[in-house]
> 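The structure's right below; bear with me while I get my questions together.
Chain naming here is simple, since letters A, B, ... match the order of the sequence lines and numbering starts at 1 in each.
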There are 2 protein chains.
Amino acid sequence: MMVGVVKMSDVAHEAGVSTMTVSNVVNGRPGASEDTRARVLDAVARLGYRMNATARQLRVGRSGAIGLLVPHLDGPYYAHLAARLDTLAHSRGYHVIIERTGASREGELDAISPERVRPYEGVVFSPVQIDTADVRAAGIEVPVVLLGERRLAGSFDHVMMDNVGGAELAVSHLLEHGARRIALIGGRPDTGVDSMPTLRSRGYRSAHAKAGVPVDERLVVDAASFTTKDGYEAVMRLHREGITFDGAFALTDAAAMGALRALADVGLRVPQDVQVVGFDNDAEGEYLIPRLTTMDPDNDSMAERIMELLLARVEAGETGGAAAGDVVEAVMSARIVVRESTLAHTSG
Amino acid sequence: MMVGVVKMSDVAHEAGVSTMTVSNVVNGRPGASEDTRARVLDAVARLGYRMNATARQLRVGRSGAIGLLVPHLDGPYYAHLAARLDTLAHSRGYHVIIERTGASREGELDAISPERVRPYEGVVFSPVQIDTADVRAAGIEVPVVLLGERRLAGSFDHVMMDNVGGAELAVSHLLEHGARRIALIGGRPDTGVDSMPTLRSRGYRSAHAKAGVPVDERLVVDAASFTTKDGYEAVMRLHREGITFDGAFALTDAAAMGALRALADVGLRVPQDVQVVGFDNDAEGEYLIPRLTTMDPDNDSMAERIMELLLARVEAGETGGAAAGDVVEAVMSARIVVRESTLAHTSG
DNA sequence: ATGAAAGCGCTAACAC
DNA sequence: GTGTTAGCGCTTTCAT
């Protein structure tokens, strides 16, 4: 056993060969006799040699690492995505490294800076504050797949969920089951900007339009961040202001959870008095009281699509982030999971 | 604007100086006239130069990155820890990079391998499958703080939660409030091995011992992984087998959530028929029906302690993972948060 | 105040 | 089959 950090030249010396031969053996390249190979491997084991990945990367570029740059890890969404991506990456010989941007502009710019991104062979980035121009300007040098609702047209492969369609499905379900005054928990006026809340709010409106049911704007309750707390407070606010409703579409399951608790607190029964639908299909939804009807975004397919797009570019040896011409925009659709929080049979 | 990757020598050429001068200016080192500095900065801006962190690291070692190696990111625990550590790291000029080990032995060994760990200036590692010997044998070359319940005696700084004490407090609370047959959801027989479930189970037993209440072993229900589903199924199993109980201590809030749902399904009222306590103080607990009494592990203090220990060693320039002699073992205690799922007043 | 030389640990390209 | 040379992009040292 040697003390200090063992490098290739130490192994070479020990085995009585050149560093090049050690490199070849260690990397499983052909062109070394069985005898030499054995001697090298033996020396490696004896000295406890471990390759210096930094040096290797400076030389060849390959690191085997894929960066996943997300705003935060609260809630099951990104956690689950990370797990799926990691599994997929492993099966292709890569591993996933996760970085939090903190959902701030500065954090996002930091995370996508070339210094920080260069060690990765490709990155999956979910921007929430910055836009296409910023991402292009950052000058990322590796393949990028963008994630999420913001339209970053034309420059990068982009995987997004069909938020509008999913929300429309959710609200149509409520309308079909007889709800006529549907609260939108965490809703936003349509500012024209694409974001998760504005898109899901847009689906809420289009479902109403299709059904010919007018929207009472007082039912649209904004929420800061779609947490359980926010959902709770939104319903409480409606109740305090005496605004009645017989349905509620919460922009996230977390918010729906808070809404359920608030409804219980004010004595409204779900689904008899108010029917509730969430969005995300969090694992907990199945165990809430009552069990929550929700939209399932099929995150697994999404993860597969992402990894497929990214590795295609990585393995094609693409460089220079912004892809040329043949950019893919994949929209994944969501399906409804009906549970106790909405009525079993269609009314009307 | 230049095409391709711009390096220091390009900037040097453009500014008409040597690379050394560029290096000095870019890194804010003294020893460059105002005039030169301006010319260099101008060239940097014009060419869009970004430093190559890999090359720099090969030369000097510093990367500014702290690795957080965790089994998974499901649930709020590690997500919240990551956020706290990241904030603390930023205030000290570092950033946190998260890696999932997948809670497998292989994944953990992979993650702590010198190749993978060398880019970090220090790592926070939460092992669940491997033990001290493995971690030592891995030959990590940077400071390490270990996290979690497994005792990895003597070799590394180690921050752990007082699982036994916390569980004892939770169960004592139930006993004080009149519960006499307390189900242990996710409990384990004490195998002598230290793990979250065995430690919390130990607290369950010691609370009973202190109160002089015997434990009915049929109330100890194992669960695979302490999820909502597991909690639900554990209670259902007790009910099917006709085992009655008037209290339940779930090893995690997630499991408690499933237990609450199961109790509702079998027609038992909480807290009147069964009092329930969880562990972890997840944000959702406050909005469950009924609101959940739980143990708050004070993760923020824990994160502070971890970062403090790690950066102390990093900034002391320590190398060679296993610290010499002066190893710190910090045990953080948990406090109880009383809510609706247990009775308001002490009985008996 | 600035620059030239050497080298961090590794590997591509080319000898032999 | 194996070794030599050169160099990835940066910084340390020492000269000027």
> Can you give the first and last nucleotides of DNA chain D, 5' to 3', that have an atom under 4.0 Å from a heavy atom of chain A?
D:dG1 to D:dG9
> Select base, sugar-phosphate, or nothing to describe what A:T36 touches, counting heavy atoms under 4.0 Å on all strands.
sugar-phosphate
> Which distance, rounded to the nearest 0.5 Å, do you find between the CD1 of A:I140 and the CD1 of A:I112?
4.5 Å
> Using a 6.0 Å cut-off, check whether atom CD of A:E315 has over 12 heavy atoms from anything other than its own residue.
yes
> With a 4.0 Å cut-off on N to O distance, would you call A:R105 and A:E108 a salt bridge?
no
> Are OP1 or OP2 of C:dT2 and a side-chain N or O of B:S18 less than 4.0 angstrom apart?
no
> Can you tell me how far NE2 of B:H95 sits from CG of B:D86, rounded to the nearest 0.5 angstrom?
8.5 Å
> For nucleotides 8-16 of chain C, give me one character per nucleotide, 5' to 3': B if any protein heavy atom sits under 4.0 Å from the base, S if the only such contacts are to the sugar-phosphate, - if neither.
BBBBBB---
> Minimum heavy-atom separation for A:P119 and A:Q57, please, with both atom names.
CA-NE2, 3.3 Å
> Nearest 0.5 Å, please: how far is CZ in B:R116 from CG in B:D110?
5.5 Å
> Looking at A:G93 and A:R62, what are the two nearest heavy atoms and their distance?
O-NH2, 4.1 Å
> Could you tell me which non-hydrogen atom of A:E141 sits nearest to which non-hydrogen atom of A:P114, and how far apart they are?
OE2-CB, 4.4 Å
